[in-house]
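This report refers to the structure that appears directly beneath it.
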Amino acid sequence: MTETGGTVYIETYGCQMNVSDTELMLGNLTSSGYTSVSAPDFADVILINTCAIRDHAEQRVIGRLGEMKSRMKKGAVVGVTGCMAQRLGAKLMERAGHVSVVVGPDGYRDLPSLIENARRGERGMSIEFDSEEHYEDFAPRRFDGVKAWIPVQRGCDYRCTYCIVPSTRGPERSRNLADVVREAERVVADGIHEIVLLGQTVNSYNDGTHDFADLLRAVGAVPGIRRLRFTSPHPNDFSDRVIAAMAETEAVCEHVHLPMQSGSSRVLKRMLRRYSREGYFECADRLRAALPGVALTTDIIVGFPGETEEDFQETLTAVDAMEFEEAYTFKFSPREGTPATRFPESEMVSDEVASERLARLIGRVRAASRTRNLGLLGQRREVLVEKPARRGGMLQTRSRDFKTVMIAGDHSLIGKYLTVELTGTTGSTFIGTVQHQREALPMAV
Ligand code: SAH
Ligand code: SF4
Ligand code: F3S
């Protein structure tokens, strides 16, 4: 084996932005002579692309690093990348003697040279922010064959008081519209027709000349794009222009992930979310008026410092009112250095209370989606076949309005668009029966 090259394994934690970063890293490393492998055991280079959003996410990585130590082959280089690498820096190397490379989200350009140095026994780190970095010259190595994640913005300029992301991903910056469009064209040329635009507050996208409305229209106009999604938008950045662009761009799907975080204006204020309960409702109403049938999904935090039972009740009533398609729910996790850790100790919500609220919230979300989904049986949807389902030998498909529909069929259907009838529901997902497509019916009867 030469000094460069060999095999590389990357394990990814955290959000889609991290998945997309892994695709960029792998693209760059494979073009530098590495071969990507799907297990750590015999890899020459093992990278863990980490998330720092909650303590639990970090503990999983610490555990995994311990496991790697006993599983990795002798002489392998172990690196930690992503948000935890940015947050902990050199402390990671102090804690874990077998980690010899630490690289934050803006330092992936340095990976090949840091890995080479590590092979010679020299540990190294790259954790500077670079407010220009978009890895424009990296060709991502995509693993999903039916939809493509395209980063359009890096970093975050909001300062939600609970959140570590601004300090792990640095200042907000947007890619040039022309670069995003070029990537979308390449994706279509590779046979992928669904695109998900990524950014921490993706609808605040602005490349100095174009806003998010321009971007949606431009990507939506790329020939061959059939579905266009984006995640995560911030409620305050849905300008009328953006909503009009969504409504008028055929490819934009009838689904918006709209993080609410809390249904209580008092808590929202302390979170520095910059909108009230009513402001959130108004945003949802504007989206629903412009995009009939739009499904909303959300993120909610319970147990934020100072959250009372009344505040929590407001979250429950907001969940009832909003009829979310899905809610991703979290217990507040204090992150070192964030403003939320500086609320008085007396305001901290005990783990017991937070767990109990989380359970009640999940129960409420599930009951609501079950009732709604039962009411949808008999309806039809166009679905894209995404992948084999985890159980039952079925296929997992997705509708434009973000419903998961399981269908019977063989793997040759993956990547195809079909019309299905929703015939059953488990509560959160559907069972569907494939309909004969109109084009397939005899022309004359
Ligand atoms: N930029 C995105 C969210 C990124 S983090 C946005 O603004 O919507 C994804 C989700 O993790 C957040 O929406 C929030 O619900 C949750 N989260 C972030 N920090 C958290 C913390 N300290 N404790 C618990 N959940 C948190
Ligand atoms: Fe975090 Fe708020 Fe930025 Fe989202 S908008 S990444 S929650 S600071
Ligand atoms: Fe985690 Fe970083 Fe994403 S903290 S949620 S991987 S931006």
Side-chain angles (χ1 to χ4, degrees), residues 11-22 25 48-61 80-88 103-106 129 149 151-173 197-205 230-238 256-263 267-268 270-275 280 283 296-305 307 315 324 326-343 348-349 351 354-355 357-358 361:
E11 191 160 292
T12 312
Y13 294 83
C15 63
Q16 283 314 323
M17 192 60 91
N18 250 18
V19 173
S20 162
D21 280 352
T22 291
M25 281 189 259
I48 316 246
N49 193 13
T50 61
C51 173
I53 203 79
R54 286 168 288 273
D55 185 56
H56 176 71
E58 292 202 348
Q59 292 312 323
R60 274 177 69 201
V61 167
V80 179
T81 63
C83 291
M84 207 175 149
Q86 187 69 38
R87 192 177 90 74
L88 295 172
V103 186
D106 284 352
F129 286 133
W149 311 96
V152 302
Q153 176 195 59
R154 297 181 72 86
C156 180
D157 278 350
Y158 277 84
R159 290 288 176 274
C160 305
T161 53
Y162 50 81
C163 186
I164 196 75
V165 172
S167 66
T168 63
R169 290 201 164 254
E172 176 185 324
R173 70 218 89 137
L197 305 176
L198 294 180
Q200 291 301 339
T201 55
V202 69
N203 52 341
S204 70
Y205 170 93
F230 52 87
T231 195
S232 285
H234 191 287
N236 288 12
D237 294 308
F238 274 115
V256 178
H257 181 64
L258 191 66
M260 179 173 79
Q261 314 300 359
S262 168
V267 173
L268 287 167
R270 292 160 63 96
M271 289 176 161
L272 198 63
R273 281 297 285 181
R274 306 168 204 237
Y275 53 81
Y280 182 90
C283 178
L296 299 183
T297 55
T298 200
D299 291 346
I300 299 172
I301 298 175
V302 298
F304 186 77
E307 184 189 69
T315 294
F324 294 117
E326 177 75 83
Y328 304 92
T329 52
F330 311 102
K331 257 195 294 186
F332 168 69
S333 169
R335 311 310 293 134
E336 198 186 336
T338 58
T341 57
R342 296 194 284 274
F343 286 114
M348 297 298 158
V349 176
D351 189 56
S355 299
R357 285 182 189 162
L358 185 68
L361 176 61

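Nothing here was measured: the structure is a model prediction, and the numbers come from that model. Whatever order the structure lists them in is the order used to number ligands and atoms, beginning at 1.
Only the side chain of C156 comes within 4.0 Å of ligand 2, counting heavy atoms alone; its backbone N, CA, C and O stay farther away. Here P166 has side-chain heavy atoms under 4.0 Å from ligand 2, and that is the only part of it that gets that close.
A cation-pi geometry, defined here as NZ or CZ lying under 6.0 Å from the six-membered ring centre and within 45° of its normal, holds between R54 and F330.
When distances to atom 2 (Fe) of ligand 3 are checked against a cut-off of 2.8 Å, C83 contributes an N, O or S atom below that limit. Backbone or side-chain N, O or S atoms of C15 do not reach atom 1 (Fe) of ligand 3 at under 2.8 Å.
Using a cutoff of 4.0 Å between basic side-chain nitrogens and carboxylate oxygens, E336 and R87 are scored as salt-bridged.
The shortest heavy-atom distance from R273 to ligand 2 is under 4.0 Å.
Listed by atom number, the atoms of ligand 2 under 4.0 Å from T201 heavy atoms are 5 (S). Residue contact check: N18 has heavy atoms under 4.0 Å from atoms 6 (S) of ligand 3. Near V165, meaning under 4.0 Å from any of its heavy atoms, are these atoms of ligand 2: 6 (S).
C160 SG, 2.3 Å is the protein heavy atom nearest to atom 2 (Fe) of ligand 2. In terms of protein heavy-atom proximity, atom 23 (N) of ligand 1 is closest to S333 N, 3.0 Å. When only non-hydrogen protein atoms are considered, atom 7 (S) of ligand 2 lies nearest to Y162 OH, 3.4 Å. Here the heavy atom of the protein found nearest to atom 8 (O) of ligand 1 is P259 CG, 3.0 Å. Protein heavy atom in closest approach to atom 24 (C) of ligand 1: K331 O, 3.3 Å. Annotation: atom 10 (C) of ligand 1 to nearest protein heavy atom, D299 OD2, 3.5 Å. The single protein non-hydrogen atom nearest to atom 1 (Fe) of ligand 2 is C163 SG, 2.3 Å, given as residue, atom name and distance. Counting only heavy atoms of the protein, atom 4 (S) of ligand 3 lies nearest to A52 N, 3.2 Å. Closest to atom 1 (Fe) of ligand 3, if we only count protein heavy atoms, is C51 SG, 2.4 Å.
No hydrogens or angles considered: nothing links the side chains of Q16 and T231 as a donor-acceptor pair under 3.5 Å. For the 3.5 Å distance criterion, the side chains of Q200 and Q153 fail to qualify, holding no donor opposite an acceptor. Counting only N and O atoms by type, the side chains of Y328 and E326 include no donor and acceptor under 3.5 Å apart.
At least one N/O-N/O distance between Q261 and ligand 1 falls below 3.5 Å. Ligand 1 has a nitrogen or oxygen under 3.5 angstrom from a nitrogen or oxygen of Y162.
Among Q200, M271, R54, the residue whose heavy atom lies closest to atom 3 (C) of ligand 1 is Q200.
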Check against side chain to side chain contact (heavy atoms under 4.5 Å, CB included), V349 and R357: CA-CA 11 Å; V349 176; R357 285 182 189 162; 4.1 Å; yes
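When each of N49, T50, T22 is tested with T81 by the rule side chain to side chain donor-acceptor pair (under 3.5 Å), just one qualifies, namely N49.
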